[in-house]
Amino acid sequence: MSSTTAAPDTLTRDALTVLQPGFAGTTAPDWLLRRIGEGLGAVGLFGRNVRTPEQVAALTARLRAERDDLVVAIDEESGDVTRLEVRTGSSFPGNHALGAVDDPALTRDVAAELGRRLAAAGVTFNWAPSADVNSDPDNPVIGVRSFGSDPDLVARHTAAYVEGLQSSGVAACTKHFPGHGDTAVDSHHAVPHIDADDAVLRARELAPFRAAIAAGTRAVMSAHISVPALDPELPATLSRRILTDLLRGELGFDGLIVTDGIEMRAISGTYGIERGTVLAIAAGCDAICVGGGLCDDETVLRLRDALVSAVRSGELPEERLADAADRVRALARWTSGPGAASRAGGVPDPEVGLRAARRALTVTHGEIYTGPLTDAPYVAAFTPLANIAVGDETPWGVAAELTRRLPGTATGSFTGENAGAEALAAAGDRRVVAVVRDAHRHPWMAAAVDHLLAARPDTVVVEMGIPQAKPTGALHIATHGAARVCGIAAAEILTGA
């Protein structure tokens, strides 16, 4: 077991400074406070740490009582990936909805309001936005987290998001460099590969990152992906060619480079977290995100000691670790220094998320559409397996809002090859509202909707993922995301409100 001294030396402090760990619970554990006092530069918040905004504010204040310039990070993309509203669903539509509207000023306003709420809770660093171009419609992990499949659209909204978020004093972290959109594998589970050639990568994947850098993004997050055209040997997080030569040298980025979660299987399953951490810092990363899964003191000490040992053995240059730690401290100064107060503030706009969700809707009327619902329907939610980034804690759909508007609304969740028949039997004589999520990626889901429509042509379909499939149903509503406000906006259409 590792141990620490009362006054860690410079090397040990630098090793702690570059770590961005998570922890369990809604209050700060003693071990975390102790590591902050020894030099830990950042802490990451996840859904398990959040109960209410007031509780988060009290938590971050307690953390900063140990170190007033501590960077407090969160993975708050809004939309489907929310931590601050993990138990209720987000007040903001996600990137795909904003891309569907294609009003950069609206994206900027949404990000600014999100930033205000994060800042009020004491969060200073957001692992967002996703700048991935969703060029593969079957992508299992990006999907609605992307602004879209057009590089120019993604670029202008990425820039707008960065500007809006940072106008509130919260540092943006543009991800997942060099682009996770053209992948069919989730890097939480394995190493995805992008086989595009160099010209395509530069025109497509890199365009949003260039825009983010021009907009002043304070940080960029690396992706655990293999891109042979850029580096035939190492994944991006561990590649000096990609992080130092391309991102720093060619694109001119001078801010913080942080890894995606180092315990994700793409790294932990191939290199291990200790070796992965050392290789990432050596390649040009400045901070190590860890804690989505591993969130204890032992993990922090393992990574700290791996870095110290690598420097002492000559594997990792001491100046590279010192430079990484300095970049973390530079970010801390930006978020906590005299200029932070002047960036924060602005006029709150609590309804901007709902306005954006309403504008993002695409509504298609079928030939037999008979008008808004007046009686309590049966809501059949066809539920896919959630990816790790989204998680399965956050409620989604339209049932809750329809129940508020039409008391007596019933609902059920269905999956698998018999989902359609089961939903039809459960609905009885009620009008059916079929809620799907990326129906184009799930043959069983498309079959379930077909089964319902064959028996009940008046079925209404609400697509809350990417609307890649042809609209079907007496009424088809594409929300371009499953955030709470997307469900509210859809329910307004369904009830004629």
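Heads up: numbering here begins at 1 and tracks the sequence.
Between Arg35 and Asp297 there is a salt bridge, with a side-chain nitrogen of the basic residue lying less than 4.0 Å from a carboxylate oxygen of the acidic one. Using a 4.0 Å cut-off between charged side-chain N and carboxylate O, Asp9 and Arg13 make no salt bridge. Comment: Arg248 engages Asp286 in a salt bridge, judged by a side-chain N to carboxylate O separation of less than 4.0 angstrom. A salt bridge does not link Glu76 with Arg83: none of the charged nitrogens is closer than 4.0 Å to a carboxylate oxygen.
Atom CZ of Arg355 sits in a crowded spot, with more than 12 heavy atoms from other residues, nucleotides or ligands closer than 6.0 Å. For Glu250, the CD atom counts as densely surrounded, since its 6.0 Å shell holds more than 12 non-hydrogen atoms of other residues, nucleotides or ligands. Annotation for Arg275: atom CZ does not count as buried by contact number, only 12 or fewer foreign heavy atoms lying within 6.0 Å.
Under 3.5 Å, the side chains of Ser239 and Asp231 contain a donor-acceptor pair of N or O atoms. In this model, a donor atom of one side chain and an acceptor atom of the other lie less than 3.5 Å apart for Gln20 and Trp127. For the residue pair Thr237/Thr259, the side-chain donor-acceptor check at 3.5 Å is not satisfied. Checking His157 against Asn95 by side-chain atom types alone, no donor-acceptor pair falls below 3.5 Å. Using modelled atom types, one finds a donor on one side chain and an acceptor on the other under 3.5 Å when comparing Ser91 with Arg484. Using modelled atom types and a 3.5 Å distance limit, the side chains of Thr82 and Ser90 yield no donor-acceptor pair. Residues Thr26 and Arg51 have side chains that bring a donor and an acceptor to within less than 3.5 angstrom of each other.
Using a distance-only test at 3.5 Å, with no hydrogens or angles considered, no donor-acceptor pair links the side chain of Arg359 to the main chain of Asp102. Put simply, the side chain of Thr60 gets close to the backbone of Ala57: a donor and an acceptor are under 3.5 Å apart. A donor-acceptor pair under 3.5 Å is formed between the side chain of Gln166 and the backbone N or O of Ala172. Of the possible polar contacts, none joining the Arg304 side chain to the Thr299 backbone as a donor-acceptor pair under 3.5 Å is found. A distance-only check finds a donor-acceptor pair linking the side chain of Thr270 to the backbone of Ile267 [under 3.5 Å]. In this structure a side-chain-to-backbone donor-acceptor pair under 3.5 Å is missing from Arg87 to Thr52. In this structure a side-chain-to-backbone donor-acceptor pair under 3.5 Å is present from Arg48 to Phe23. Side-chain atoms of His224 do not come within 3.5 Å of backbone N or O of Pro192 as any donor-acceptor pair.
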Would Val123 and Leu45 count as a side chain to side chain contact (heavy atoms under 4.5 Å, CB included) here? Give the steps. CA-CA 9 Å; Val123 175; Leu45 301 183; 4.1 Å; yes

Audit row: Asp68, Ser336, side chain to side chain contact (heavy atoms under 4.5 Å, CB included) steps and yes/no: CA-CA 8 Å; Asp68 59 7; Ser336 64; 6.0 Å; no

Let me see the working for Glu205 and Arg210 under salt bridge (charged side-chain N to carboxylate O under 4.0 Å, His left out), right down to the final yes or no. CA-CA 10 Å; Glu205 268 71 19; Arg210 289 193 191 94; over 6 Å; no

Step-by-step side chain to side chain contact (heavy atoms under 4.5 Å, CB included) determination, Leu40 to Thr17: CA-CA 5 Å; Leu40 189 68; Thr17 296; over 6 Å; no

Salt bridge (charged side-chain N to carboxylate O under 4.0 Å, His left out), that's the test. Do Arg327 and Asp254 meet it? Break it down for me. CA-CA 9 Å; Arg327 290 183 188 276; Asp254 194 40; 3.1 Å; yes

Passes side chain to side chain contact (heavy atoms under 4.5 Å, CB included), Leu118 versus Ser168? Steps please. CA-CA 9 Å; Leu118 292 175; Ser168 298; over 6 Å; no

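Annotation: side chain of His193 is not in contact with side chain of Ile225 (no heavy-atom distance under 4.5 Å). At a threshold of 4.5 Å between non-hydrogen side-chain atoms, the residues Phe147 and Leu98 count as touching. Side chains of Glu113 and Pro348 form a contact here, defined as non-hydrogen atoms less than 4.5 Å apart. Pro53 is not listed as a side-chain neighbour of Glu85, based on a closest heavy-atom distance of 4.5 Å or more. Residues Thr383 and Arg437 are not in side-chain contact: their nearest non-hydrogen atoms beyond the backbone lie 4.5 Å or more apart. Residues Val227 and Pro178 form a side-chain contact, since some pair of their non-hydrogen atoms from C-beta on lies under 4.5 Å apart. Annotation: side chain of Thr479 is not in contact with side chain of Val398 (no heavy-atom distance under 4.5 Å). A heavy-atom distance below 4.5 Å is not found between the side chains of Phe209 and Val154.
Here the shortest heavy-atom pairing between Pro93 and Gly353 reads CD-O, 3.2 Å. Minimum heavy-atom separation, Ile466 to Asn134: CD1-ND2, 3.3 Å.
In summary, of the residues considered (Asp14, Asp323, Asp69), a salt bridge (charged side-chain N to carboxylate O under 4.0 Å, His left out) with Arg329 occurs for Asp14 alone.
For the atom pair OH of Tyr161 and OG1 of Thr217, the computed distance is 11.0 Å after rounding to the nearest 0.5 Å. How far CG of Asp136 is from OG of Ser146: 11.5 Å, rounded to the nearest 0.5 Å. Atoms CZ and CG, from Phe125 and Asp75 in turn, are 10.5 Å apart once rounded to the nearest 0.5 Å. Here Leu234 contributes atom CG and Ile242 contributes atom CD1; the two are 8.5 Å apart, rounded to the nearest 0.5 Å. Taking CG of Asp132 as the start and CZ of Arg145 as the end, the distance is 7.5 Å to the nearest 0.5 Å. Taking CD1 from Ile36 and CG from Leu70, the interatomic distance works out to 5.0 Å, rounded to the nearest 0.5 Å.
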